[in-house]
Amino acid sequence: MKHLHSFTIRSIYTTTFFFALQVALASYINSTFLSGIVSEKILGYVFAGSAMLTLIALSEMPTLLRAFGNRRLLLGLLIVNFTALFMVTHGNQAGQVGGILFYLISNNLIVFTFDIFVEHFSKNKNTGVMRGIYLTVINCAWIFAPLLAGMLLTTGGYHLLYSISMAFIFIVFYLTLTKLTNYHDAPYKRFSFLQTLINIGKNPDLRNITVINFVLQFFYATMVIYTPLYMHNYLGFSWTTIGFIFTIMLLPFVFIQYPLGRYADKVGERSFLLVGLVILGASTFLLAFIEPNIWTWAIVLFMTRVGAAVTEVMTEVYFFKKVNDAESNYISIFRDMSPLAYIIAPLAGICILSFGTFSTLYIILGIIVLSSLYYGFSLRDTSI
C-alpha cells in the first residue's frame, strides 16, 4: 500500500511537470500570437474576459468535483484544453481567438484539480515537503520553456509551438488515465460561494493568508504585464538581453522552494513569510531607482524573485495546512486570487501611469507588498 501511495504521488508530479511545461511554453507567445490577429484593444478584452470567466468557472469547480470526481473532471478539462489548442492551430481567426480564450480558462481550472490531488496526499507534517516539490517541479518547467519556445518558433513558428503543446497535453491525459487510477475522492463538502466567503471572513488565518496570496498574485500580474514593456520600450534592452535577465531572475523558484518547504514543516511558516515579504517589497521599491544596466537589473529582479519564491512557498504551505482536499470551496477562493489580480492589475497600472511613470508604478507596488506585512504578523504560526 505504501509503495502504491508513493507511485501515485510520483505520477502526480510527473503529470504536473508536463502540464506546466506546455503552459509555460505557450505563455511566452500567446499575446504576440493574438496581436497578429486582433487589435491591442481587443487583445486586452480577450485576457480580461478569460480572467473574469475563470473566476466564474472556479466558483463552480466544487460542484463539478462532487458530480464527477477529481480525476474524471481533470480528464474532461484536458479534452477541452486539447480542443482549444486544436482550434488555435487549425481554426479561422475567430476560432483562434476563441481557442486562446478557452485554453487560458481551462489551464487555470486544471491547476485547481492538481491542487486537489496534492492536498489529498498531504498531511500537515509533510505539507511543506510536498508543496515544495510540487512548486519546484512546476518552476523547472518554466525555466526550460523560454529556450524550447525560441527553438520551436525559429524552426516552425506558432503552429509548431502550439502543436508541441498539444502533444504535452496528450501525455498529461495518458498519464492521468493510466497512472492515477488508484486515486479516491474525498467526501467534498457542500458550501455556496457566498457562504465560503463568509466563512473565510470569520477565520482570521484563512482570511489573512488569502489576502497575502492576492498581493503576491497582484505583484506577479503587474510585473508580467509591465516589466518587459518597460525594459524593452523605455530602457532599450533587447529581447535577447531581457530573456537572459529573466532566466537569472527565475532561478530562486527552482533552488529554494523545496528546502524552505521542508524546513517550514519543522519550524512553521510565519517568520519565513515575513522575511519573504520584506525582500519582495524592498527590492520592488528599488526597481524605481536603478540604472538601465544589465547586471543591475538582473540582480535586483533576482532579489524580487527570492522574495516572491519565499512568500509563495510559505503562503501555499500555510494555506494547505489549514484546509484539506474535502474543502475544495476554500481552495477555489484561494485560486481565484490569480485571475482577480489579472483583472485589477491592468486597471491599476492604467491609473498609475496616467499621472506617474514606471518608477511610480514600482514604488506603489513595493508599498502594497510591504503593507501586507500587517496580515503576515496577524497569522498564527502552524508550529504553535
Side-chain angles (χ1 to χ4, degrees), residues 11-12 14-38 42-43 45-65 67-117 138 141 145 148-149 152-153 156-181 183 332 335 338-339 342:
S11 298
I12 291 170
T14 304
T15 306
T16 299
F17 174 79
F18 283 107
F19 176 72
L21 185 58
Q22 71 84 19
V23 172
L25 195 64
S27 70
Y28 287 97
I29 56 93
N30 285 331
S31 296
T32 307
F33 173 75
L34 280 176
S35 67
I37 302 174
V38 299
I42 299 298
L43 182 67
Y45 285 136
V46 172
F47 283 97
S50 73
M52 287 186 283
L53 290 172
T54 298
L55 281 173
I56 296 171
L58 278 170
S59 69
E60 296 300 321
M61 286 296 280
T63 302
L64 294 174
L65 272 178
F68 301 105
N70 196 44
R71 180 170 171 271
R72 281 189 292 175
L73 180 57
L74 173 57
L75 290 171
L77 289 170
L78 289 170
I79 292 173
V80 173
N81 198 265
F82 186 92
T83 304
L85 285 176
F86 185 85
M87 291 169 62
V88 172
T89 53
H90 294 85
N92 56 22
Q93 289 189 350
Q96 289 175 322
V97 173
I100 290 291
L101 183 69
F102 281 98
Y103 173 69
L104 294 173
I105 296 168
S106 58
N107 277 343
N108 283 282
L109 302 184
I110 290 169
V111 169
F112 173 90
T113 66
F114 281 121
D115 277 329
I116 299 295
F117 278 125
I138 291 172
L148 181 57
L152 293 173
L153 286 173
Y158 295 118
H159 188 276
L160 178 61
L161 188 143
Y162 283 119
S163 296
I164 295 298
S165 293
M166 291 171 65
F168 287 140
I169 286 297
F170 181 81
I171 293 173
V172 174
F173 185 90
Y174 173 79
L175 290 172
T176 303
L177 188 65
T178 61
K179 305 299 183 182
L180 301 182
T181 56
Y183 174 81
S332 173
R335 290 305 177 211
S338 179
Y342 271 90

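Just so it is clear, the values below take in all heavy atoms, side chains as well, and ignore hydrogens, waters and symmetry mates.
Listed by chain and number, the residues in a ring-ring contact (aromatic ring centres under 6.0 Å, His included) with Phe170 amount to none (sequence neighbours excluded). Listed by chain and number, the residues in a ring-ring contact (aromatic ring centres under 6.0 Å, His included) with Phe19 are Phe114 (sequence neighbours excluded).
Leu73 CG to Leu64 CG: the interatomic distance, rounded to the nearest 0.5 Å, is 5.5 Å. The line from CG of Asn30 to CG of Leu25 is 9.5 Å long, rounded to the nearest 0.5 Å. Atom CD1 of Ile169 sits about 10.5 Å away from atom OG1 of Thr83, to the nearest 0.5 Å. For the atom pair CG (Leu77) and CZ (Phe68), the distance works out to 10.0 Å, reported to the nearest 0.5 Å. Distance check: Thr15 OG1 to Phe168 CZ gives 13.5 Å after rounding to the nearest 0.5 Å. To the nearest 0.5 Å, the span separating CZ on Phe18 from OG on Ser165 amounts to 13.0 Å.
Closest heavy-atom contact between Arg71 and Thr176: NE-O, 3.1 Å. Shortest non-hydrogen contact noted between Pro339 and Leu55 is CG-CD2, 3.8 Å.
In this structure, the side chain of Ser332 engages the main chain of Leu58 through a donor-acceptor pair within 3.5 Å.
The side chain to side chain contact (heavy atoms under 4.5 Å, CB included) test with Asn81 singles out one residue from Val172, Ile105, Asn107, and that residue is Asn107.
A 6.0 Å sphere centred on CZ of Phe102 holds no more than 12 heavy atoms belonging to other residues, nucleotides or ligands.
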